[in-house]
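For ligands, and for the atoms within them, numbers begin at 1 and follow the listed sequence. Throughout, numbering of the chain's residues begins at 1 and tracks the sequence.
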Amino acid sequence: MDTRAIGVFDSGLGGLTAARSLRQILPRENLIYFGDTARVPYGGRSRETLLKYARQDVRFLRSFDLKAIVIACGTVSTTSLDTLQAENDLPIVGVVEPTCRRALAVTREKRVGLIATQASVRSGAYEAALHRLDPEVEVRCLACPLFVPLVENGRFRPGDTVIETVAREYLEPLRDTGIDTLILGCTHYPLLEEVIAGIMGPEVALVSAGEESAFELKRLLTAGDLRTGEDREGELTFYVSDRTEDFERVASVFLQEDLRHAAQWVDIDRY
Ligand code: DGL
């Protein structure tokens, strides 16, 4: 039994979709969430910059006494996971492998699409994980760089002409390749699930990065006897590197629950 908190981080709000899954799957655990809102989006940045940011994010989270960290960010998971795991002596879970395992369980004809940020697609990490798990799977990858800024600006609802237009332009050619499963490889994208499903149609199963990581973490904590034994709802604490007001406004939509604690600002350059 271990009552220490779990650290969770993303470039901004997207990781809250993973935090939501963690709340559902491990409701008693305390979560400390950091959103690097001053430097979002991460998705177009170089591997070197991403590693620098990710190390700072982890150093900040490790200023708390944590038992594990979830990288609730596809971009950091695809580019920096191995380095962060090698540099830190606590379990660190990314989104790539668990999400790929789920996609392979779901696909009917082994025709899987992946949408993610430019850095994630450039890294080839999702593709490599899918092929490692099943060499026969056919994979189509597509970067959707406009999705994250639109989501961060609240343009994710079905019927919004801006997001609908952008999504159609990205996704119609991908749909026409005949994939039967689509990985939403960036943790911001589950917010676009309805818009994406509307374009891809009912024949294409959507698999979200984030949700499976929560199951992976649960397995890991259980195996290591690290689950909290406390019989109460876990606390959720937020830190961001830019305006807390903007974060709080949208965070409750992402989390689908009211925030019980105000978000706090952190000077990430100090870490
Ligand atoms: N939500 C992140 C991801 O999963 C980062 C997106 C971004 O900042 O560009 O990739």
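- Shown here is Glu230, whose CD atom has more than 12 heavy atoms of other residues, nucleotides or ligands within 6.0 Å.
- Counting heavy-atom neighbours within 6.0 Å of Arg45 CZ, excluding the residue itself, gives a total above 12.
- At a heavy-atom distance under 4.0 Å, only side-chain atoms of Val40, from C-beta outward, approach ligand 1.
- Other residues, nucleotides and ligands contribute over 12 non-hydrogen atoms within 6.0 Å of the CZ atom of Arg108.
- Set against the non-hydrogen atoms of Ser11, the atoms of ligand 1 under 4.0 Å away are 5 (C), 6 (C), 7 (C), 8 (O).
- Looking at ligand 1, you'll find an N or O of Asp10 within less than 3.5 Å of one of its N or O atoms.
- Here Tyr42 and Tyr53 bring their ring centres to under 6.0 angstrom of each other.
- Protein heavy atom at the shortest distance from atom 9 (O) of ligand 1 is Gly43 N, 2.7 Å.
- Side-chain polar atoms of Ser11 and Asp36 form no donor-acceptor pair below 3.5 angstrom.
- Which parts of ligand 1 touch Thr117 is read off a 4.0 Å heavy-atom cut-off, strictly below it: atoms 6 (C), 9 (O), 10 (O).
- The aromatic rings of Phe60 and Tyr239 stand perpendicular to each other, their planes meeting at an angle above 60°, with 30° marking the opposite boundary.
- If you look at Pro41 next to ligand 1, the close heavy atoms, those under 4.0 Å, come from the backbone and the side chain alike.
- Protein heavy atom nearest atom 1 (N) of ligand 1, with residue, atom name and distance: His188 ND1, 2.7 Å.
- Distances from ligand 1 to the non-hydrogen atoms of Cys73 include at least one value under 4.0 Å.
- A donor-acceptor pair shorter than 3.5 Å cannot be found between the side chains of Thr228 and Arg28.
- Note: no N/O pair closer than 3.5 Å links Ala72 and ligand 1 by distance alone.
- When only non-hydrogen protein atoms are considered, atom 4 (O) of ligand 1 lies nearest to Gly74 N, 2.5 Å.
- Close approach of ligand 1 to Thr75 is summarised as follows: ligand atoms under 4.0 Å from at least one heavy atom of the residue are 3 (C), 4 (O), 5 (C), 10 (O).
- Between Tyr42 and ligand 1, at least one pair of N/O atoms sits closer than 3.5 Å.
- Here the shortest heavy-atom pairing between Ser123 and Thr79 reads CB-CG2, 4.3 Å.
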